[in-house]
Protein chains: 2
Amino acid sequence: MASLKDVAKEAGVALGTVSRVLNKSENVSPKTRKKVEKVIKKLGYQRNRVARRLRAKEGKTHMMGLLIPDIQNPFYVEVVRGVEEYALANDYAVLMCNFAQEEAREKLYLNIMRSEGIDGLIVAPVHQWDKGVIDLVHSGLPIVCVDRGLSGIEADVVVVSNSQGTFEAIELLVQLGHERIGFIAGKPQIPTSMERLRGYEAALRRYDIAKDESLIKFGDSKHESGKELSKELLSLEKPPTALFTGNNLITLGALETIHKRGLNIPDDIAIVGFDDMYWSISLNPPLTAVSQPGYEIGRRATEMLLQRIADPRREYAKVELRTKLVVRQSCGSHQGSTG
Amino acid sequence: MASLKDVAKEAGVALGTVSRVLNKSENVSPKTRKKVEKVIKKLGYQRNRVARRLRAKEGKTHMMGLLIPDIQNPFYVEVVRGVEEYALANDYAVLMCNFAQEEAREKLYLNIMRSEGIDGLIVAPVHQWDKGVIDLVHSGLPIVCVDRGLSGIEADVVVVSNSQGTFEAIELLVQLGHERIGFIAGKPQIPTSMERLRGYEAALRRYDIAKDESLIKFGDSKHESGKELSKELLSLEKPPTALFTGNNLITLGALETIHKRGLNIPDDIAIVGFDDMYWSISLNPPLTAVSQPGYEIGRRATEMLLQRIADPRREYAKVELRTKLVVRQSCGSHQGSTG
DNA sequence: ATGAAAGCGCTAACAG
DNA sequence: CTGTTAGCGCTTTCAT
C-alpha cells in the first residue's frame, strides 16, 4: 500500500504538501495540487485511517461508535440503517456493537470504543443510571442517547413519544369496545417501558376504566417473555379481551401463544403492539401497531452527534419524534389500513 | 487517558518493559511484572488500540471486518451474532458494515476496511465475480466468504446445502400432492439463487413432474419482489397450488399478497420458504421453512478467519453446513411441528 | 531481564 | 505557497 511518503517522492514534493492536498487546505497552488492528485490516482493511494486517527486531535478521527441493545430487534435495525446512512454521507466509519441487553458486554464494548479513539458515540443505555455511559459522558466524549435517556445527565437524546403513542393505541381499543385490556411491558428498568405504561394508565383514566393490576405484566422485552406472559393473561379467570404488547418481540411471542391456543384475532382477542415492522402486514391478520420512526431516529441522532463533535459547547437538546398508529386488522372492525 | 509512558514513569521502569508485561512476554521478572500490573490497575490504564494497530505487524491488529449484504434480513442478523460472539471471545473488535445489496457501497466499505488496517474480513460478496473482494483476496488479506463463494478463487468459504435444502422442501410439497409448484427466486447473479433453483428442478425430475417455466420467477431477494412476483403467479390462468419462496423477505412479501387476496393457507395455496426465523411460528399459519444455521455460519467463518490469520499458508477449505426442513402448518396436512 | 531508540503513517506547527 | 520536523502511543529490535 502506497503511503504519503511514496506519493510525495513520486510527485517530487514534500510530504506535508501532499497532506495539505488531501485535507483540502487553501494553501496549495493549483499546479502543485494537480500534480499531486495525478500521482495519488496513479498509485491508487488511500489514506491510512489508523494513522490519521492516532495523530488527529479529538473530533477528527472520522470514526464513531454505535452501541445497540439488541440487533435481533427490527426496530434497532432501522435505527442502525439511519445512522449508517448519515455517517457514510459524512465520511464517518461506524464501529457498531450489539450488547444483547447484557450490561457486562456493554461495558466491554464501551472500553473497546474508548480505546479505538472514536470521535463520538450513539448509544441506547441499558437503563437510565447506566454507569458506563455516564462515566463516558463525564469524560467529555460527545454522546447522543437514543431510545432512552440518562437520568440527571446533560446529554443529547432522541426519543419518541412513548406515552402518547401508547395512549392512542389504548384509546382505539377502548373505542372498539374493549374494557379489559392486558398490557405486557418490557423491563421496568428501561425508561420506555414505564412511559408506555403511563400512556396505558392515562388512557384508562381518560375513559373512566378502572385499572386492574392483574392485567399488567412485566417481562424482559423478549420473544420468550411475550409468549409466557400472554399465556398468563389468557389463563386468567376473567381474561382480557384485548392485548397491548410493549414491543415487537413481545408481540411476536404473544402471537405465538394466541395461535397455539387456536384463538381468533380479533374476535377472541384483539391485539395492538408497540413497534411496527415493514412486514407487519404479512402477519395474519395484519397487525395494528404503534410505529416508531426508527430510521429517522438514527439519522437525527447522527446529525446531532456530528454537530456536537463540531461544536462541543452547543446547547444540549432532547428531540422527541412522534409515533404513528398504523391501524390494520388485528384490533377489530376498523376496516382502515393505513400502512 | 493514561498512556504507556505514564505507567512506565509511575512504576519506575522503561516503557518497553510495560509493553512486555502487556504482551505477556516471558522476559519479565515476576517482581517487575507485579509492580507494573499494580500501576496499570491504579491508573486504570487501557491500551490504545489505534496506536497498537498502527505499529503492529499484519495479523495482530485485533480488528476484523464484517461486510454483509442486508442487515434487514434476519438471516444475516444471525450470522452477525455468530461472528460477534466468537470475535469477542478472542479479543477482536468487529468493524461491521451493511452494503444493502449495493455494489457501489460495498466497494466504498471495502476501501474503508482496508484503510482501517483490519487483520481479516468476512464477507458475503455481491456475486461470484465480485471484483472488489477478489482484488482484496489477491492483495493477501485473509478473507472468508459466507453464504456465497467466489468463482475460481482460492479462499475459505462457509455455505449451506442450498440445493439439497430446496430439494427436501419441494419433495415435501410433492408428497402432499402438489404438482404445480411456483418458485420465486432471488437475483440470478447470486449463486444461492441458482443453487436453490437446481434443487427445485432436481426434485421435479425425481418425481417425474414436467417443469413449467411460467411457474419460475426471478426477482431481487426483497420483500417487494416477493409481493409482486407472487401476484403474477397467482394471476396465472392455471395458478400454482403451492409456492416455494427463495428467501425470508420474499416469503413475507408473498404472505402479504396471499392474505390480501383472502386466500387460505394451505388450502388455497401452500407455502414453504427458504430461511426460518425464530418467530416463524408466530405467523399464521406457522411457516414451514428451510432453516439455515445462521449463527453457526457466523461462528465457523470467524473461527476459520482467525485460523487463517494465524497461519496464512494453511489449506483453503469450503465448509458446507446442512439446512433443516422445519415442518409447520403452512404446507398442508402434515400435523408435525418440529420448531 | 531491562533500557534505549527506531519508526508505523499521518497532521500541524513552524520556518522560510 | 512549500519544506521540515515533532510527535500521536505503541511494538520491537538492539544493546547492555
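Any value given below was found using the heavy atoms of this structure, including those in side chains, with hydrogens, waters and symmetry copies removed. Here the structure is a predicted model, which is why all the values come from computation and not from measurement.
The NZ-C1' distance, from A/Lys35 to D/dC1, rounds to 12 Å in whole Å. Rounding to whole angstrom units, CZ of residue A/Arg52 and P of C/dA12 are separated by 9 Å. One can place CZ of A/Arg33 at 13 Å from C1' of D/dT2, the figure rounded to the nearest angstrom. Distance, B/Glu116 CD to C/dC10 P: 13 Å, rounded to whole Å. Separating the CG atom of A/Leu4 from the P atom of D/dT4 is a distance of 15 Å, rounded to the nearest angstrom. Rounded to an integer number of Å, the gap from B/Met1 CE to D/dC10 C1' is 14 Å. At whole-Å resolution of the value, CZ in A/Arg53 and C1' in C/dC8 are 15 Å apart. When the P atom of C/dC10 is taken as reference, atom NZ of A/Lys9 falls 14 Å away, rounded to whole Å.
Look at B/Asn48 and you won't find any side-chain N or O under 4.0 angstrom from OP1 or OP2 of D/dG9. Within the 4.0 Å cut-off from OP1 or OP2 of D/dT11, at least one side-chain nitrogen or oxygen of B/Ser19 is found. Between B/Ser3 and D/dC8 there is no side-chain N or O to OP1 or OP2 distance below 4.0 Å. Considering only side-chain N and O atoms, A/Thr32 lies under 4.0 angstrom from the phosphate OP1 or OP2 of D/dT2. Taking only side-chain nitrogens and oxygens, A/Asn27 never comes nearer than 4.0 Å to OP1 or OP2 of D/dT2. OP1 or OP2 of D/dG3 has at least one side-chain nitrogen or oxygen of A/Thr17 nearer than 4.0 Å. Close to C/dT11, at under 4.0 Å from its OP1 or OP2, lies a side-chain N or O of A/Arg47.
The side chain of A/Leu54 lies closest to D/dG9, out of D/dG9, C/dT11, C/dC10. The nucleotide whose nearest atom lies closest to any side-chain atom of A/Val13 is, among D/dG3, D/dC10, C/dT11, D/dG3. Among the nucleotides C/dC10, D/dC10, C/dG3, the one closest to the side chain of B/Ala14 is C/dG3.
The CZ atom of A/Arg52 lies 7.5 Å from the CG atom of A/Leu22; values are rounded to the nearest 0.5 Å.
In this structure, the side chains of A/Leu305 and A/Pro142 come closer than 4.5 Å at one or more pairs of heavy atoms.
Residue side chain B/Arg49 does not reach the base of D/dG9 through any donor-acceptor N/O pair under 3.5 Å, judged by distance alone. Evaluation of atom-type donor-acceptor distances gives a pair under 3.5 Å for the side chain of A/Arg55 against the base of D/dG7. Put simply, the side chain of B/Arg20 and the base of C/dG3 share a donor and an acceptor less than 3.5 Å apart.
Using a 4.0 Å cut-off between charged side-chain N and carboxylate O, A/Arg308 and A/Asp156 make a salt bridge. In this structure, A/Glu303 pairs ionically with A/Arg299, as a charged nitrogen and a carboxylate oxygen lie closer than 4.0 Å.
For the pair A/Arg81 and A/Tyr86, the cation-pi criterion (under 6.0 Å, within 45° of the ring axis) is not fulfilled.
Surrounding NZ of A/Lys35 are more than 12 heavy atoms belonging to other residues, nucleotides or ligands, all under 6.0 Å away.
Between B/Ala51 and B/Ser29, it is B/Ser29 whose nearest contact on DNA chain C lies nearer the 5' terminus.
The residue B/Leu22 sits apart from the nucleic acid: no heavy atom pair falls under 4.0 Å.
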